[in-house]
Novice: 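Sharing a structure, written as structure tokens. Questions coming.
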Amino acid sequence: MMEDMGLSKSTQGLLVALGYVGIIVGSVFSGVLLEMFSAKRLLQASLVIVAVGVAGFAAAPIVLVMYITRPIIGFGQALITVLYPCWVDEFAPSGSASAYMAALQAGGPLGTVVGYLTSGFLMANTDLSWRWCFIIQGIFLGPFVLLYFLIPTRYIEIRNGDGSRPSANQLKRGLFHVASEGLVWFAALTLSSLYFVVNGIQTWITDYITSPDGPIGANQNTAVAAFGATAATAPVAGIILGGIILVKVGGYKGHLDRVSQTGLALGFMATAFSFASMFVDVFTAFIACVWLLLFFGGAMVPGLMGTIVAAVPKEHRGICSAFASVIYNTFGYALGPLVGGIIADEAGLIWGFRVILGCSGAALLLQCAVVYFAVKKVDRVAEQFREEERLEATLKLGNGGDAEDGENPNPLPRRHTYGTAGDSCAQLKELHVSMQLSTDPQELDVLSRNSMLHFSPATYAELSTARKKRYTMI
């Protein structure tokens, strides 16, 4: 393609980056679109847009057409990128969300590897044009477009707890909530650093390995086969390990501190092998270092994606996923190939590739910030839980559960009693959870009136205050 279209390394990097620019633009709108329209219809439209963009890129007569169609492809991919983590969080079987999140993340590397191996084989062993790589991709998209028309809507749609669509004010409040959450920012920036390194490696490693002026100097077929095997096994094995770790520490729901601390250990290993690969000039040792880099980096991804999803209330997760997608596609996927190509043109390919590898250190530093915010968030939730336990004890006394001298200082009719010692604590906690999770004014009003039936004015006021504090902090 570079010879046919007369592309320089920086222009090639720009073409790769433009695809992610399309994803960024699409992600900006995806969060709101998912809240306002049918997810099924949006997915169908997205796949059609991707198919049209791929066809246009394959038939491009000049570079300008390629510049136009690459962002179109990315725009169509954006909604899929944003929706899938939220879909897994919503529909995964109870107790298996972490494993499903890991399986979802494994799909990306597998697709990349299949495309890399297919393109490398066609270019090295046939006389077919580079355009056939995109034609084949378009052919395989067809069945998936049809599949999304056949899947029942109930298996795709994600709604608020009451099945409604959010109002404009709720969307604004959700965006503000997400943008003010430090844990989301740093988890997304850590993913950005990982994707910067991974996408930069994928774009430039073949040229780096085969360059006569480089430290290795392997032939084309050996380079494609070696990195193809590495890319096919290392990230997927790492993601599987990351999923197993998530399950072992209790899942990303409620255990963000453990998940982030484990991610820090994995990040240290990934950074160590990334720096080692910068100075290795033996082919097998270099491939081994890259394999371990991709393995440990891949193991960080499920925990980080789970952290992003779990960092905000359920009703804001579509917006949160879109917000994070903008960040890691901007600073990760798009910049990796572009920065590598610019440095390669100015200072040589070796330095361009080493800068990409060196940026793994940024992921380690950012993961330290993720640990800080995750531990802080877990501590806040724990304190709120203790506050609610104290409130439960107060309500027990108020309803005659453990009052001194057998007196009931705040008697209520038996049919309205939640606080008697024994089985009523579970009912109280269920009401707590309902009031905490709800952000719909009408639903809160119903819950509030319901709670007044069971508690005295004093205890109700205390419950209401605790609920408001909990929603503000979580």
Side-chain angles (χ1 to χ4, degrees), residues 1-5 7 12 14-23 25-27 30 39-84 87 103-152 155-156 198-199 202-203 206 220-221 224-225 227-229 231-233 235-236 329 333 337:
M1 183 173 70
M2 292 182 69
E3 294 178 359
D4 185 25
M5 305 301 291
L7 305 178
Q12 184 183 359
L14 177 61
L15 271 177
V16 175
L18 282 173
Y20 297 105
V21 170
I23 294 179
V25 175
S27 297
S30 292
K40 180 176 179 179
R41 299 304 180 204
L42 290 172
L43 281 172
Q44 292 167 348
S46 295
L47 287 174
V48 171
I49 290 171
V50 172
V52 171
V54 168
F57 192 89
I62 57 175
V63 176
L64 178 60
V65 176
M66 301 171 76
Y67 285 157
I68 295 172
T69 53
R70 277 293 291 170
I72 291 175
I73 297 171
F75 186 90
Q77 293 171 339
L79 185 73
I80 301 170
T81 303
V82 169
L83 174 67
Y84 280 1
W87 184 90
L104 170 67
Q105 300 307 316
L110 282 175
T112 299
V113 168
V114 171
Y116 177 85
L117 291 176
T118 303
S119 301
F121 176 81
L122 289 176
M123 294 300 96
N125 298 283
T126 71
D127 295 328
L128 292 176
S129 166
W130 59 269
R131 300 177 190 275
W132 275 98
C133 301
F134 296 93
I135 293 172
I136 292 172
Q137 180 184 357
I139 292 172
F140 277 97
L141 274 173
F144 290 99
V145 175
L146 177 63
L147 186 63
Y148 274 113
F149 278 92
L150 299 178
I151 296 176
Y155 296 127
I156 299 176
V198 170
N199 212 30
Q202 177 190 328
T203 303
T206 303
Q220 177 84 10
N221 284 334
V224 170
F227 182 66
T233 56
V236 175
N329 277 292
Y333 281 124

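Numbering starts at 1 and runs along the sequence shown.
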Novice: Once rounded to the nearest 0.5 Å, what's the spacing between atom CD1 of I139 and atom CH2 of W132?
Specialist: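 Between I139 CD1 and W132 CH2, I get 6.5 Å after rounding to 0.5 Å.
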Novice: Roughly how far, to the nearest 0.5 Å, is OG1 of T69 from CG of L15?
Specialist: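 L15 CG to T69 OG1: 8.5 Å, rounded to 0.5 Å.
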Novice: Tell me the closest heavy-atom pair linking F57 and R131, and the distance in Å.
Specialist: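 Looking at all heavy atoms of both residues, the shortest contact is O-NH1, 4.3 Å.
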Novice: Of all heavy-atom pairs between I135 and A58, which one has the smallest distance, and what is that distance?
Specialist: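 Smallest interatomic distance, heavy atoms only, reads CG1-CB, 4.0 Å.
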Novice: Would you list the pairs meeting side-chain hydrogen bond (donor to acceptor under 3.5 Å, both in side chains) in which at least one residue belongs to residues 136-147, sequence neighbours left out?
Specialist: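 As it turns out, there is no side-chain hydrogen bond (donor to acceptor under 3.5 Å, both in side chains) pair with a partner in residues 136-147 once direct neighbours are skipped.
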Novice: At their closest point, which heavy atom of K40 faces which heavy atom of I151, and how far apart are they?
Specialist: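 That closest heavy-atom pairing would be NZ-O, 2.6 Å.
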Novice: Identify the heavy atoms of I49 and I72 that sit nearest to each other, and give their distance.
Specialist: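 The pair with the smallest heavy-atom distance is CG2-O, 3.5 Å.
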Novice: Counting C-beta onward and ignoring hydrogens, is there a side-chain heavy-atom pair between L43 and L47 closer than 4.5 Å?
Specialist: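 Contact flag for L43/L47 side chains = no.
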Novice: So do the side chains of L14 and Y67 get within less than 4.5 Å of each other, counting heavy atoms only?
Specialist: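 The answer is yes, as the side chains (C-beta and beyond) meet within the 4.5 Å cut-off.
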Novice: Nearest heavy-atom pair of A78 and I23: which atoms, and what distance?
Specialist: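 Here A78 and I23 meet closest at CB-O, 3.4 Å.
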Novice: What pairs of residues pass the side-chain hydrogen bond (donor to acceptor under 3.5 Å, both in side chains) test when at least one of them lies in residues 46-59, not counting sequence neighbours?
Specialist: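 Every pair satisfying side-chain hydrogen bond (donor to acceptor under 3.5 Å, both in side chains) with a residue in residues 46-59: there are none.
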Novice: How far does CD1 of I73 sit from CZ of F134, to the nearest 0.5 angstrom?
Specialist: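 These two atoms lie 7.0 Å from each other.
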Novice: For Q44, which residues count as a side chain to side chain donor-acceptor pair (under 3.5 Å) partner, sequence neighbours excluded?
Specialist: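 Only R41 meet the side chain to side chain donor-acceptor pair (under 3.5 Å) criterion with Q44.
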